[in-house]
Amino acid sequence: GLETTFTVTGPPVPLPAAVDLAAYRIIQESLTNTIRHAGPATAAVALGYASHELHIDVTDTGRGQAVIAGNGDGHGLAGMRERAAAVGGTVEAGPGPAGGFLVAARLPLNGTVTEQAEQEGARP
């Protein structure tokens, strides 16, 4: 029930299994958080293939600041950061430039894999 747009920039390339899984879970959790916390909103998912990394930006048009009242480190955000770190990437989250909320992940295409990512396998 969440109206969502999806865009891709750059030529898509095959992703290492751990990076593919991390990207999937980060997008999944971002959209779940939108449904849970943003109120009536729409969402946009943008994937950008750069020369050495995958850019993931998930934005919504929801309440924004209400989501990050307190310290902004709910289990979902911490989990996204852990997934990104497991492959050598990063996640930043906070108010979007036009309101709402933004999750921005940067995952290296070489996919440095940690033990945790190997244990989870590559299945969504």
Side-chain angles (χ1 to χ4, degrees):
L2 176 64
E3 184 181 328
T4 306
T5 60
F6 178 69
T7 59
V8 176
T9 57
V13 297
L15 300 173
V19 173
D20 191 37
L21 177 61
Y24 175 85
R25 295 292 191 199
I26 289 166
I27 293 167
Q28 179 184 44
E29 183 65 26
S30 297
L31 294 174
T32 298
N33 285 347
T34 298
I35 291 168
R36 287 183 182 158
H37 304 292
T42 60
V45 177
L47 293 182
Y49 290 88
S51 61
H52 292 72
E53 67 183 5
L54 177 66
H55 296 194
I56 302 168
D57 292 315
V58 181
T59 57
D60 69 51
T61 59
R63 295 183 290 227
Q65 284 293 90
V67 175
I68 60 169
N71 66 8
D73 284 328
H75 295 295
L77 293 176
M80 285 187 264
R81 288 185 181 108
E82 289 172 9
R83 287 186 184 282
V87 295
T90 61
V91 169
E92 294 182 17
F101 200 76
L102 165 67
V103 173
R106 302 298 178 257
L107 306 177
L109 294 180
N110 65 359
T112 305
V113 179
T114 66
E115 185 177 313
Q116 176 187 356
E118 288 176 345
Q119 289 174 356
E120 289 182 7
R123 286 170 278 156

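Remember, it's a predicted structure, so these values are computed and weren't measured experimentally.
- E29 places none of its side-chain heavy atoms less than 4.5 Å from the side chain of T34.
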Please tabulate, for the side chains in residues 39-56, all donor-acceptor contacts under 3.5 angstrom to protein atoms that are two or more places apart in sequence or on a different chain.
{"residue": "T42", "atom": "OG1", "partner": "T61", "partner atom": "OG1", "Å": "3.2"}
{"residue": "E53", "atom": "OE2", "partner": "H55", "partner atom": "NE2", "Å": "2.8"}

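- Using a distance-only test at 3.5 Å, with no hydrogens or angles considered, a donor-acceptor pair links the side chain of R63 to the main chain of H37.
- Around atom CD of Q28, more than 12 heavy atoms belonging to other residues, nucleotides or ligands sit under 6.0 Å away.
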Donor-acceptor pairs under 3.5 angstrom involving side-chain atoms of residues 3-15: please list them, not counting sequence neighbours.
{"residue": "T4", "atom": "OG1", "partner": "L2", "partner atom": "O", "Å": "3.1"}

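- Remark: D20 does not engage R25 in a salt bridge, criterion side-chain N to carboxylate O under 4.0 Å.
- Atom CG of residue L77 and atom CD of residue E82 lie 11.0 Å apart, to the nearest 0.5 angstrom.
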Evaluate R106 against D57 for side-chain contact (heavy atoms from CB on, under 4.5 Å), listing each step before the verdict. CA-CA 9 Å; R106 302 298 178 257; D57 292 315; 3.2 Å; yes
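- Annotation for A105 and V91: closest pair CB-CG2, 3.8 Å, computed over non-hydrogen atoms.
- Considering every non-hydrogen atom in both S30 and M80, the closest pair reads OG-SD, 3.4 Å.
- How far CZ of F101 is from OG1 of T59: 11.5 Å, rounded to the nearest 0.5 Å.
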